[in-house]
Amino acid sequence: MKRSTKIGIVTSGGDCQGLNAAIRGVGKALFQHLDNAEIFGMYDGYRGLIEGDYKYMEERDFSGILTQGGTILGTSRQNYIAGKAILDEGGNDAMPAMMDTYNRLNLDCLVVMGGNGTQKSAKLLVDAGMNVITLPKTIDNDIFGTDTTFGFQSAVDIATNVIDYIHSTASSHRRIFVVELMGRDAGWLTLDAGVASGADVVLIPEIPYDIEKVAQAIDHRRKQGRYYTIVAVAEGAVSIHDAVLTEEARRRAKALMKHSTISYRIASELESLSGQEARVTVPGHYQRGGPPCPYDRVLATQFGTAAARLIIEKQYGYMIGVQGGRIVPVPLEDAASRTKFLPKDHPLIETARDIGIFLGD
Ligand code: F6P
């Protein structure tokens with residue numbers, strides 16, 4: 001009898017919209033094209049693979065989940081030493097345990113869905129000898145090798161909606177509003193949502209901001225009769241002063257910072273410099289919650305089915321990406337090699353400047 005094709009699915013790192021749509025894409029396509037697929041869903045990311053905690057997934061498990069937020073498998077952030085090891089709860093190298101689960105289940109391939117860190121850790125699984133295909137998911141859109149990730153567009157929709165709503169109250173009270181959006185390292189989400197919602201100032205990690213110049217931009221607006229200002233700030237935005245510090249010095253400065261996040265610091269500095277009342281809104285994990293938008297449903301489904309096709313063709317070691325509108329396999333070693341920052345000459349940055357959005361520099 002023909003041996004069945006055995007697949008493990010892992011969702012790892014921070015969740016986002018579209019994970020279930022992607023899981024569904026993988027499962028439906030495998031059951032559609034193979035009459036002998038066996039799929040094991042690992043619970044809570046790498047933890048399930050390490051501890052052998054998984055669910056045998058039947059065809060019906062892949063129905064009714066397209067629009068569901070989060071991940072039906074659960075996820076976790078596993079401790080990890082960059083480029084070296086995935087660690088278990090006790091801080092030990094988890095590779096032997098993961099390999100044990102992989103071998104015991106006799107898996108042909110693991111499909112790993114995750115962000116930047118997960119692409120890097122999945123590469124360690126490949127180096128250890130596992131067959132792996134990854135899918136790029138994150139609201140941050142900072143994964144190298146793909147024009148976009150699923151989750152991103154849904155988060156842009158939410159962040160845009162938040163700023164849309166803030167406009168009226170900011171205008172009524174003639175206040176400065178600092179809206180802090182997610183994005184530790186990259187400003188894709190903040191720039192997209194900022195342009196979509198007509199924010200007046202957009203501050204992103206890739207362009208260190210000068211707070212004095214931000215205050216001047218606000219003053220200039222007031223002189224033109226525009227009495228309120230919306231500042232969209234990525235959580236990882238840095239001032240020109242902090243940008244020149246070493247990573248260690250920056251960490252120490254952050255620990256000493258009296259404000260809980262960057263947006264509170266910016267609001268308080270702008271209040272002192274401009275004399276105008278400032279308020280902060282932090283939508284936080286709200287940006288990662290709820291159903292995927294239609295774009296992400298389609299993209300995640302395309303990524304999932306493309307992964308299934310590679311599995312059927314026995315081609316492993318790739319991340320599925322989208323480049324110029326085409327779904328393509330990207331060698332995992334490339335995808336895992338670096339972070340996709342927003343280039344300073346990106347056309348959307350030019351567009352933002354063209355319409356008078358101040359970028360802090
Ligand atoms: O990487 C996605 C992301 O949402 C970042 O934008 C944010 O900094 C981080 O995850 C938050 O992580 P956690 O879920 O661990 O709070």
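Note that these values count all heavy atoms, side chains included, but never hydrogens, waters or copies made by symmetry. In listed order, ligands and their atoms are each counted from 1. Quick caveat, the model's predicted, so the values are computed rather than measured.
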Partner of Ser12 by side chain to side chain donor-acceptor pair (under 3.5 Å), out of Thr118, Thr71, Asp44: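 Exactly one pass, corresponding to Thr118.
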Winner among Lys137, Glu235, Arg77, Met182 once heavy atoms are compared against atom 8 (O) of ligand 1: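 Looking at heavy atoms only, Glu235 sits closest to atom 8 (O) of ligand 1.
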Under 4.0 Å, counting heavy atoms only: does Gln287 come that close to any atom of ligand 1?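 The answer is no, since Gln287 has no heavy atom less than 4.0 Å from ligand 1.
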Judged by non-hydrogen atoms, does Gly115 sit under 4.0 Å from ligand 1?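 For ligand 1, residue contact (heavy atoms, under 4.0 Å) with Gly115 is absent.
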Verify the distance criterion only: is there a donor paired with an acceptor across the side chains of Ser76 and Arg47 at less than 3.5 Å?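 Not at all, the side chains of Ser76 and Arg47 share no donor-acceptor pair under 3.5 Å.
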Asp140: numbered ligand 1 atoms lying under 4.0 Å from its heavy atoms: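 Matching atoms, with element in brackets: 1 (O), 2 (C), 3 (C), 5 (C), 6 (O).
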Distance under 4.0 Å to a non-hydrogen atom of His285: what atoms of ligand 1 satisfy this?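 Numbered from 1, ligand 1 contributes 13 (P), 14 (O), 16 (O).
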In the protein, which heavy atom is nearest to atom 4 (O) of ligand 1, and how far is it?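 Result: Arg288 NH1, 2.9 Å.
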Within a strict 4.5 Å, meaning less than it, do heavy atoms of the Pro205 and Glu235 side chains meet?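 Result no, sub-4.5 Å side-chain heavy-atom pair not found.
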NZ or CZ of Arg174 within 45° of Tyr228 ring axis and under 6.0 Å: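 Not satisfied by the 6.0 Å and 45° rule.
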Is the NZ or CZ atom of Arg338 positioned over Phe144's six-membered ring, under 6.0 angstrom from the centre and within 45° of the axis?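 Because its charged atom sits under 6.0 Å from the ring centre and within 45° of the axis, Arg338 does stack over Phe144.
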